[in-house]
Amino acid sequence: MSEYRQALMPVPPWRRTDYCGALRAGDAGREVALWGWVATRRDHGSLIFIDLRDREGIVQLVFNPERDADAHAVAQAARAEFYLAVKGRVVRRSEGTVNAELPTGEIEIVVAVAEVLNPSQPPPFPLAGPDGAAEEVRLKYRYLDLRRAEMQRNLRRRHQALRGARAYLDANGFIEIETPILFRATPEGARDYLVPSRVNPGRFYALPQSPQLLKQILMVGGFDRYYQIARCFRDEDLRANRQPEFSQIDIEMTGPRPEDIHEMAEGMMASIYEYAAEIQIPRPFLKMPYEEAMERYGSDKPDLRFGLELKNLTDAFSGTQFKVFAETLARGDAIYGLALPGAYQLSRRELDELAEGLRTRQSLGLAWAKIGSDGWQGPVAKFIGADERVSAAAAAGLSEGDTLLMVAGPRGKVRPVIGDLRLQMAAKFALRDATALKFLWIVDFPLFEYSEEEKRLVSVNHPFTAPRPEDLALLDAEPLKARALAYDMVLNGQEMGGGSIRIHNAELQLRVFALLGIERAEAIAKFGFLLDALAFGAPPHGGIAFGVDRIAMMVCGTDSLRDVMAFPKTQKAVDTMSGAPSEIDPRQLRELSIRVAR
RNA sequence: GGGGUCGUAGUUCAGCCCGGUUAGAACGCCGGCCUGUCACGUCGGAAGUCGUGGGUUCAAAUCCCAUCGGCCCCGCCA
């Protein structure tokens with residue numbers, strides 16, 4: 001490597017006057033001082049061009065050996081990702097050398113002085129262009145990955161989204177309050193991340209899955225309106241849109257009706273989109289009861305960017321001779337269908353694969369029929385009589401050339417399965433309008449559902465959700481029919497946020513706990529602080545929480561959470577850059593009174 | 001816990017099915033030449049535990065088994 005002067009100075013030899021990527025034609029004639037990374041270097045033997053990059057973009061530097069030999073020597077020695085400080089004059093590029101692709105393409109910097117502030121090893125992967133390297137490598141060298149324009153853009157949009165949220169909440173009287181990260185483990189919900197207490201051997205803190213209880217207590221504490229950009233932790237398996245550690249915009253207010261929360265949340269979302277994407281989103285959002293969403297879309301977070309609604313064929317087949325369907329009806333179960341327009345053709349093999357998927361995953365059978373000019377075709381067509389064909393065709397709105405997919409079974413199982421088929425078909429036939437933003441609220445969730453695994457009622461939302469007042473009477477007799485004052489905000493088939501009006505009465509809270517199988521003594525042991533708080537004049541209150549990371553994914557147009565987090569973890573919850581989680585020194589464990597069993 | 005998929009120069013990938021020369025290409029890297037490039041050009045060069053371990057075979061990047069890791073999904077995630 002040839003010679004260069006490396007300034008081992010802890011601060012640059014001169015202050016920066018501008019960001020590289022911010023210079024424009026209007027700056028022509030100015031003397032500027034810049035710092036930045038070498039993005040690319042084009043060496044013509046004597047003339048050398050360097051594209052210098054900082055967070056705002058790149059600008060072209062020109063080094064002419066006849067003008068300044070020292071600066072030129074620096075350019076000769078410089079390599080990709082060297083951090084340089086330069087001084088020079090901004091000049092308009094001569095005609096024919098303008099680069100229309102670059103915002104800075106009308107000008108360049110004629111460099112008079114240059115210093116290498118820090119050389120760099122050759123980067124392990126190229127930093128220009130959209131993700132060239134495998135994520136494995138990008139995560140290990142995250143600091144290099146973060147220099148890429150895409151990551152710079154994503155994290156800044158995320159920042160703008162949060163600014164939008166804060167601006168709205170601040171303007172509407174919400175007070176930002178921090179809650180502890182070291183909290184207590186509570187039953188229900190996801191697995192907790194635990195932190196041992198050194199001064200209380202054998203005891204553990206839990207990292208909060210969300211600040212749920214604390215924000216309720218802040219309402220009891222009289223703050224009236226609270227918000228927080230809160231870190232949350234859940235020790236569950238990861239997905240493309242799930243990390244063990246994530247952020248939510250957590251909001252609680254005193255005395256709201258659900259509509260008040262909706263209006264506020266829509267205002268905040270509008271502010272987010274204005275700040276992050278300069279888009280005006282249409283308001284108010286559609287509201288859809290949970291039951292309707294399940295009936296029409298087979299999902300509590302329906303994607304409304306396309307139609308293809310489910311068809312309830314139960315009545316249409318009421319007189320069927322087809323054994324499978326007849327048995328279904330005899331059990332009181334349901335038959336649902338999905339009518340694929342003739343333009344969306346599936347091969348026999350694709351249909352078989354779909355059927356196989358349902359059998360293995362859901363142990364449900366898929367029946368299908370193609371509506372031809374000479375009647376129904378398909379393996380089950382011969383079992384389906386003329387009358388049923390007419391009624392089914394009417395119920396499903398079938399025309400010639402269409403394909404009807406049918407699934408029979410318990411309603412609670414069949415609807416989500418067909419809902420999933422609906423999404424698969426949307427992906428296969430590219431039915432989604434990529435530019436649409438389809439917001440809606442899902443309301444009137446059930447309060448409870450029955451858990452086969454635990455053989456008891458569990459909360460659909462969380463145990464602090466208030467029942468609808470008119471459904472209070474159902475609590476003891478038919479708790480599964482009781483609806484909750486709960487709501488989810490859904491955007492393009494993704495849950496953006498959810499919340500509820502909370503129970504603010506200790507007796508009602510104890511009743512709900514009891515229905516969940518949490519007896520009075522256990523409730524007092526584990527949630528005594530909440531029950532006590534409710535007993536001291538707790539005001540009615542309710543709120544909502546939004547997934548910051550999911551919002552960031554939407555405004556950035558990416559489908560991986562890792563693209564909108566600075567330091568995400570892999571699917572095994574590992575940080576490949578730092579090596580966390582790591583083994584711990586035995587001495588440290590001893591201090592914590594912990595012995596590793598493995 | 002389970003299913004799928006990928007793992008070969010620094011990077012992106014080909015080769016793997018059907019075992020058999022010295023494991024290739026592009027980008028990057030190193031060196032030479034080059035005064036208007038912007039993915040500069042051009043000439044030359046270096047660069048590989050084929051993820052790891054075991055097995056089958058005269059012979060394994062290639063076939064088999066196990067294992068580790070990345071990604072996607074199911075379960076799980078109020």
Side-chain angles (χ1 to χ4, degrees), chain A residues 1-2 39-52 58-67 72 79-81 91 93-102 104-105 108 110 120-129 131-141 144 186-192 209-210 212-213 232-244 246 356-358 360-362 420 424 445-449 451-454 457-465 484 486 488 495 498-500 512 516 518 545 547 559-560 562 568-572 574 576:
Chain A
M1 194 177 286
S2 52
T40 58
R41 175 174 160 278
R42 295 175 290 280
D43 184 347
H44 289 233
S46 44
L47 257 198
I48 296 175
F49 299 96
I50 284 178
D51 288 344
L52 199 67
I58 60 176
V59 70
Q60 173 163 282
L61 311 180
V62 193
F63 296 83
N64 190 327
E66 290 162 14
R67 270 192 135 87
H72 185 263
R79 292 293 180 272
E81 302 311 317
V91 300
R93 296 202 197 179
S94 63
E95 208 172 325
T97 64
V98 167
N99 185 345
E101 306 287 303
L102 291 178
T104 59
E108 61 193 3
V110 176
S120 172
Q121 299 189 341
F125 58 92
L127 303 193
D131 53 27
E135 204 160 19
E136 212 169 341
V137 193
R138 289 174 49 203
L139 289 178
K140 181 170 177 199
Y141 300 96
L144 296 177
T186 49
E188 303 277 310
R191 288 188 196 90
D192 288 314
Q209 297 177 24
S210 87
Q212 181 57 40
L213 293 169
C232 306
F233 307 85
R234 293 179 191 174
D235 186 6
E236 295 292 346
D237 289 348
L238 277 53
R239 286 286 189 284
N241 60 1
R242 257 165 39 196
Q243 282 273 315
F246 58 97
E356 180 59 26
L358 290 195
T360 55
R361 277 228 272 275
Q362 302 288 342
D420 190 51
Q424 286 183 46
F445 280 87
L447 193 58
F448 305 112
E449 61 192 350
S451 163
E452 285 294 342
E453 194 183 330
E454 300 186 52
L457 294 184
V458 294
S459 295
V460 168
N461 191 243
H462 55 58
F464 319 108
T465 301
D488 278 359
E495 183 191 328
S500 62
V512 169
L516 294 171
I518 303 172
D559 50 15
S560 172
R562 296 182 296 276
K569 292 179 178 59
T570 68
Q571 194 156 44
K572 287 200 71 189
V574 166
T576 50

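Residue numbers begin at 1 in each chain, while the letters A, B, ... track the order of the sequences.
- For A/Gln60, counting side-chain heavy atoms from C-beta on, the closest listed nucleotide (B/rC72, B/rU37, B/rC71) is B/rU37.
- Checked against B/rU12, B/rC77, B/rC71, the side chain of A/Glu236 finds its nearest nucleotide in B/rC77.
- Counting distance only, with no hydrogens placed and no angle test, the side-chain atoms of A/Arg41 and the base atoms of B/rC40 include no donor-acceptor pair under 3.5 Å.
- Here B/rU11 presents its P atom at 16 Å from CD of A/Glu81, a figure rounded to the nearest Å.
- Checked by atom type and distance alone, the side chain of A/Gln243 pairs as donor or acceptor with a backbone atom of A/Lys569 at under 3.5 Å.
- Side-chain atoms of A/Asp43 lie closest to B/rC34 of the nucleotides B/rC38, B/rC73, B/rC34.
- When the ring pair (Phe, Tyr, Trp, His ring centres under 6.0 Å) test is applied to A/Phe49, the partners found at least two apart in sequence or on another chain are A/His44.
- Here A/Phe445 pairs with A/Tyr290 under the ring pair (Phe, Tyr, Trp, His ring centres under 6.0 Å) rule; sequence neighbours left out.
- B/rU12 and B/rC63 are spaced 27 Å apart, taking the C1' atom of each and rounding to whole Å.
- Each of A/Lys572 and A/Glu453 was matched to the nucleotide of RNA chain B holding its nearest heavy atom; the match closer to the 5' end belongs to A/Lys572.
- Side-chain atoms of A/Glu108 and base atoms of B/rG36 include a donor and an acceptor less than 3.5 Å apart.
- Between the C1' atoms of B/rC18 and B/rC74, the separation comes to 36 Å (whole Å).
- Residue-to-nucleotide contacts include a donor-acceptor pair under 3.5 Å from the side chain of A/Arg242 to the base of B/rC77.
- When the nucleotides B/rC76, B/rC71, B/rC34 are ranked by their closest atom to the side chain of A/Glu135, B/rC71 comes out on top.
- Both stacking criteria are satisfied for A/His44 over the base of B/rC40: a centre-to-centre distance under 5.5 angstrom and an angle between ring planes under 30 degrees.
- Judged by distance alone, the side chain of A/Gln209 and the main-chain N or O of A/Ala190 form a donor-acceptor pair under 3.5 Å.
- Using atom C1' as the reference point in both B/rA9 and B/rA61, the two lie 14 Å apart (nearest Å).
- In this structure, A/Phe125 does not pack face-to-face on the six-membered ring of B/rU11, missing the 5.5 Å centre cutoff or the 30° plane limit.
- A donor and an acceptor atom never sit less than 3.5 Å apart when one is taken from the side chain of A/Arg239 and the other from the base of B/rC71.
- For A/Arg79 against B/rG28, no side-chain N or O and base N or O form a donor-acceptor pair under 3.5 Å.
- Pair assignment for B/rC33 gives B/rG41, based on Watson-Crick or G-U wobble hydrogen-bonding distances that are each under 3.5 Å.
- Of the C1' atoms belonging to B/rU56 and B/rU62, the separation is 13 Å, rounded to the nearest Å.
- Contact annotation: A/Arg562 side-chain N/O to B/rC72 OP1/OP2 distance is under 4.0 Å.
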